[in-house]
Amino acid sequence: MNKAKWLAACAVLTGASAAWSQAVTLPPPQNVLQLSSDATVEVQQDQLSMTLSTTRDGADASAVQAQLKSALDVALAEARKSAQPGLLDVHTGNFTMSPRRSREGRLTGWQGTAELILEGRDFPRIAQTAGKISTLTVGNVGFSLSREERAKAETEAQGQAIDNFKQRADELAKRLGFAGYTLREVAVNSHLGGPIRPRVMAMEAAKMAADAPLPIEAGKTSVVVNVSGSVQLK
């Protein structure tokens with residue numbers, strides 16, 4: 001292709017591009033309303049996670065590690081007697097070893113920690129199992145919402161939030177003198193709120209009899225769904 005033909009072809013392409021840009025240029029939006037709505041559903045927490053741990057100190061790292069392993073093995077053997085998938089799942093947590101040093105930086109000994117985690121939906125089973133373990137003590141108790149329960153709560157909250165969004169859009173359209181509206185864009189987001197009431201747990205749990213169940217009580221949490229977007233008033 002010679003230079004003249006090449007320049008002519010470029011001119012055609014440039015003109016077509018300019019015409020396409022003009023064709024897709026949209027006028028600035030008018031009578032567009034931005035709004036959002038929320039809906040909250042309270043739900044009982046149905047998952048319990050209990051962390052049991054022990055700490056050992058000594059001058060010899062191997063001896064400390066052996067003591068931790070022995071304590072963990074005994075705890076695992078006891079916990080597995082009651083384990084059942086979904087109701088009580090058992091697995092080990094952190095197993096750490098760290099040196100102890102004097103102010104001068106001299107190695108004076110070793111400290112180690114071992115953890116065992118009990119979790120599931122059967123609260124009494126978990127509490128009773130923890131009470132039977134004598135080689136570890138309860139260090140942390142937490143409650144949460146299972147995926148199944150969260151999905152149910154999100155579906156319920158989502159329906160309420162969408163209904164609230166539509167009702168608010170309709171009310172605002174009429175108050176502003178319009179007959180109605182059409183949707184332009186909508187975003188739906190969900191998240192967990194904070195606990196509605198705190199859990200109850202005896203702080204002296206570690207001092208209880210070895211076979212006594214730990215006193216625990218799950219609280220409620222909230223699932224919040226937000227619907228936001230814009231509508232075209234008409």
Side-chain angles (χ1 to χ4, degrees), residues 41-100 109-156 192-223:
V41 172
E42 297 179 6
V43 60
Q44 188 76 29
Q45 294 171 317
D46 64 336
Q47 288 280 114
L48 169 63
S49 178
M50 188 174 293
T51 302
L52 293 80
S53 64
T54 188
T55 301
R56 296 287 191 274
D57 291 276
D60 183 69
S62 298
V64 172
Q65 186 172 351
Q67 293 172 15
L68 291 173
K69 183 178 181 301
S70 176
L72 191 57
D73 285 342
V74 172
L76 271 170
E78 181 62 48
R80 284 168 177 162
K81 296 177 183 178
S82 303
Q84 189 170 342
L87 301 180
L88 169 54
D89 295 307
V90 180
H91 62 91
T92 56
N94 293 326
F95 192 107
T96 60
M97 292 284 294
S98 59
R100 285 191 289 104
W110 293 84
Q111 184 180 71
T113 301
E115 292 181 345
L116 179 68
I117 299 174
L118 311 177
E119 57 187 5
R121 299 190 304 272
D122 192 335
F123 292 8
R125 182 191 297 257
I126 296 172
Q128 289 169 6
T129 301
K132 294 176 182 178
I133 295 174
S134 59
T135 57
L136 307 177
T137 57
V138 176
N140 184 60
V141 175
F143 296 93
S144 60
L145 200 60
S146 66
R147 277 184 273 182
E148 295 81 6
E149 289 302 315
R150 177 170 179 171
K152 291 179 184 178
E154 282 183 348
T155 299
E156 181 180 351
L192 288 176
I196 296 172
R197 59 187 178 89
R199 65 175 182 266
V200 178
M201 175 183 171
M203 298 305 294
E204 300 83 7
K207 302 178 182 178
M208 298 177 61
D211 59 349
L214 301 180
I216 56 176
E217 180 183 353
K220 290 185 177 181
T221 189
S222 58
V223 175

_Donor on one side chain, acceptor on other, Arg56 and Thr54, under 3.5 Å_ = yes

*Got a donor-acceptor contact below 3.5 angstrom from the Gln44 side chain to the Lys220 backbone?*
no

_What I'd like to find out is whether the side chain of Leu52 reaches to under 4.5 Å of the side chain of Thr137, using heavy atoms alone._
no

*Could you please spell out the steps behind the side-chain contact (heavy atoms from CB on, under 4.5 Å) verdict for Val74 and Ile133?*
CA-CA 8 Å; Val74 172; Ile133 295 174; over 6 Å; no

_Can you confirm whether Arg121 sits close enough to Leu48 that some side-chain heavy atom of one is under 4.5 Å from a side-chain heavy atom of the other?_
no

_Atom of Ala79, atom of Thr129 and distance for their closest heavy-atom approach_ = CA-CG2, 3.7 Å

_Does any part of the side chain of Asp46, heavy atoms only, come nearer than 4.5 Å to the side chain of Ser146, both counted from C-beta?_
yes

*Do any N or O atoms from the side chain of Asn140 and from the backbone of Thr51 form a donor-acceptor pair under 3.5 angstrom?*
no

*Which heavy atom of Val41 sits nearest a heavy atom of Glu156, and at what distance?*
CG1-OE1, 3.8 Å

*State, to 0.1 Å, how close Val64 and Gln111 come at their nearest heavy-atom pair, and which atoms those are.*
CG1-C, 4.5 Å

*Heavy atoms, side chains only, cut-off 4.5 Å: are Ile117 and Ser49 in contact?*
yes

*Taking the side chain as C-beta and beyond, is there a heavy-atom pair between Val90 and Leu76 under 4.5 Å?*
yes

*Passes side-chain contact (heavy atoms from CB on, under 4.5 Å), Leu88 versus Asp122? Steps please.*
CA-CA 6 Å; Leu88 169 54; Asp122 192 335; 5.6 Å; no

_Non-hydrogen atoms of Ala75 and Leu136 that approach each other most closely_ = CB-CD1, 3.5 Å

*How far does CZ of Phe123 sit from CE of Met50, to the nearest 0.5 angstrom?*
9.5 Å

*Taking the side chain as C-beta and beyond, is there a heavy-atom pair between Leu68 and Phe95 under 4.5 Å?*
yes

*Do Glu149 and Gln45 have side-chain heavy atoms sitting under 4.5 Å apart?*
no

*Salt-bridge criterion met for Arg150 and Glu154 (N-O under 4.0 Å)*: yes

*Over all heavy atoms of both residues, which pair between Thr221 and Leu145 is shortest? Give the atoms and the distance, please.*
CG2-CD2, 4.1 Å

*Of all the heavy-atom pairs spanning Glu119 and Ile126, show the shortest one and how long it is.*
C-CD1, 3.7 Å

*Would you say Trp110 and Arg100 make side-chain contact, with heavy atoms under 4.5 Å?*
no

*asked:* To the nearest 0.5 Å, what is the distance between CG on Asp73 and CD on Glu78?
replied: 13.5 Å

*Candidate pair Asn94 and Thr113, rule side-chain contact (heavy atoms from CB on, under 4.5 Å), full reasoning*: CA-CA 7 Å; Asn94 293 326; Thr113 301; over 6 Å; no

